[in-house]
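Here the structure comes first, spelled out in structure tokens, and everything after it is commentary.
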Amino acid sequence: MRLKIRNLKKCYDQKGIIENLSLEVDDIQVLSLIGASGSGKSTLLRLIAGLEAFEAGSIEVNGHNVIESEAVEYRKKVGFVFQDHNLFSHLSIFENIMLVLEKVHHRKRSEVEPEVKKLLEQFGLMEHAGKLPHQISGGQSQRASIVRALSIRPELILLDEPTSSLDPILTYEVLSAVKLLAEDRIDFIIVTHEIGFAKSVADYIVFMEDGKIIEQGDRGILEAPQSPELKRFLGKVLTFDGGSNVNSL
Amino acid sequence: MKKKLSFATAILIYIMFYIFIAMSALEKNIDFSAYQRYYKVILNGWFTTIAISLVALVMAIFVGLILYLMRESRFAVLYYFSEIHKTIIFGTPLVVIAIIAYYYIGNAFNVNSKFWVGAITLALYIGAYIADIYKGAVEAIHVNQWQTAKMFGFTRYQTYRYVVFPQVITGILPPLAGQFTMTIKSSALLAYMATDEFLNTIKTVQSISYRYPEGFIIVTTGYLILTVPLIMLVRMLEKKLNYKV
Ligand SMILES: Nc1ncnc2c1ncn2[C@@H]1O[C@H](COP(=O)(O)OP(=O)(O)OP(=O)(O)O)[C@@H](O)[C@H]1O
Ligand SMILES: [Mg+2]
């Protein structure tokens, strides 16, 4: 993906949440956004998705100039998976996917069925295809959301903490599914607290604090952070690797 | 099996209590003859109650929708109009509204049919509650579902048609059935505006025959026959449609 963000400013209730943020990356496949709660990761992701208007600056994604009010066609090319409540709760997994393909993309059911079934198979969801969202586990539900996002053959998929409401086993399930995407060479931006995952899958890492980018670069920044903020952050999230970091808290 | 037995026992105790109360009221003998004589009038009243409640409910469903849409409207006047209506309704007893509606408002607009003044009054009353049912059902749809629809490129119409509406329908069915029970019960208050509905016909026969307790037995039974199935329907709908995300 090619991403060019210039002097971005976003306010909620007159309060600046993102201020003067710039980011430029090219030829990146998996970008991982990390940072403490409230640092503005979700906000930035929604802005990149063209879901919300912003006060100043510009966002360019793969050559699209993203402006919320003019982004209808752009959004159709981008997949978005939220933390939870993604699936339409009155429709089965299969119909959730079909609704989008039929109503928005005007595809014939018979024509797309084989592809959809293949995707469901690939993500281990075939036996759950006929179930309603509340009849499957949180992990299955998140994987189904990923399949639905994939079904429109997006240019880019945005994932906002897709595993934060899941237990470790389900988290592993979903992250394995995301890894499948990476192996398929699909571009995505993922907001995650799973540093281990970011380390093994992401080829670019952006660390945010208070609406600003503090540090960015390849996986190396997780091994050898430069800024005191990132050092402190990693110290806090990596306390479970046997307890060796406990003292640095 | 055990459940059924417990249910039968509870019902039996209730009936015994009911009979005990009735007996102590009916000093000597039970005499339903006056009610037999007027059974056509009474039956008529009972059907009027059903008809008035049905008509009122159908109108209330629209009144509620209009009030809800006004509330969501971009025009502040409509928003306040809707909120003021609801505040007055929530804050005033239905009897008072019924009396005013009958003696003054019906008069001012030249509506003389007691049936229609009654039905419209009920519709405006119940409609205020139904507006909030719509509001609750739409608000129950998680923000991520709206955002997802926007992301996928659903138009505003498609979002409402394929995402919001089907979820709202299942969300409002149980409370709407509940409101129908409310409407039937509230329609009894229209007796105050001399509408010839169920309670009023019974009261008339009571005053002719002086057989008061018998009248109350008939009136409670008559209302329960209408409301119990509805209450059971609400329970069933709640169980059946209760899918959480
Ligand atoms: N719709 C909104 N209205 C007002 N303030 C908001 C809104 N959304 C986010 N904020 C504020 O913006 C700031 C950044 O929020 P954001 O959700 O982007 O953080 P985050 O990094 O995603 O945090 P988390 O890890 O907890 O999800 C927070 O202070 C939050 O309170
Ligand atoms: Mg967030």
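Between E68(A) and K150(B) a salt bridge is recorded (basic side-chain N to carboxylate O distance below 4.0 Å).
Of the listed residues (R148(A), Q83(A), K77(A)), the greatest number of heavy-atom pairs within a distance under 4.5 Å of chain B belongs to R148(A). With chain B as the partner, the residue from A71(A), A49(A), S145(A) showing the most heavy-atom pairs under 4.5 Å is A49(A).
Residue Y172(A) places its OH atom among 12 or fewer non-hydrogen atoms of other residues, nucleotides or ligands, all under 6.0 Å distant. The 12-atom threshold is exceeded at CZ of F90(B), counting heavy atoms of other residues, nucleotides or ligands nearer than 6.0 Å. Around CZ of R109(A), the count of heavy atoms belonging to other residues, nucleotides or ligands within 6.0 Å exceeds 12. Around atom OH of Y12(A), more than 12 heavy atoms belonging to other residues, nucleotides or ligands sit under 6.0 Å away. Within a 6.0 Å sphere centred on OH of Y18(B), other residues, nucleotides and ligands contribute more than 12 heavy atoms. Atom NZ of K86(B) has more than 12 heavy atoms from other residues, nucleotides or ligands within 6.0 Å.
Interatomic distance, CD of Q145(B) versus CG of N86(A), reported as 8.5 Å (0.5 Å rounding). From Y162(B), atom OH reaches atom CD of E102(A) across 9.0 Å, with rounding to the nearest 0.5 Å. To the nearest 0.5 angstrom, R161(B) atom CZ is 7.0 Å from K103(A) atom NZ. To the nearest 0.5 Å, the span separating OG1 on T148(B) from CZ on F82(A) amounts to 5.0 Å. Distance OH/Y74(A) to CE/M151(B): 6.5 Å, rounded to 0.5 Å.
Side-chain contact between Q147(B) and R46(A): present, with at least one pair of heavy atoms (C-beta onward) separated by less than 4.5 Å.
Summarising the geometry of Q167(B) relative to S89(A), their closest heavy-atom pair is OE1-OG, 2.7 Å, with the distance given to 0.1 Å. Contact record, V163(B) with H90(A): O-CE1, 3.7 Å, taken as the closest heavy-atom pair.
When the options N144(B), V143(B), I141(B) are evaluated for a side-chain contact (heavy atoms from CB on, under 4.5 Å) with H85(A), the one that passes is N144(B).
Both the backbone and the side chain of L51(A) come within contact range of chain B, judged by heavy atoms closer than 4.5 Å.
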When you look at V100(A) and F154(B), which way does the side-chain contact (heavy atoms from CB on, under 4.5 Å) test go after all the steps?
CA-CA 8 Å; V100(A) 176; F154(B) 285 85; 4.1 Å; yes
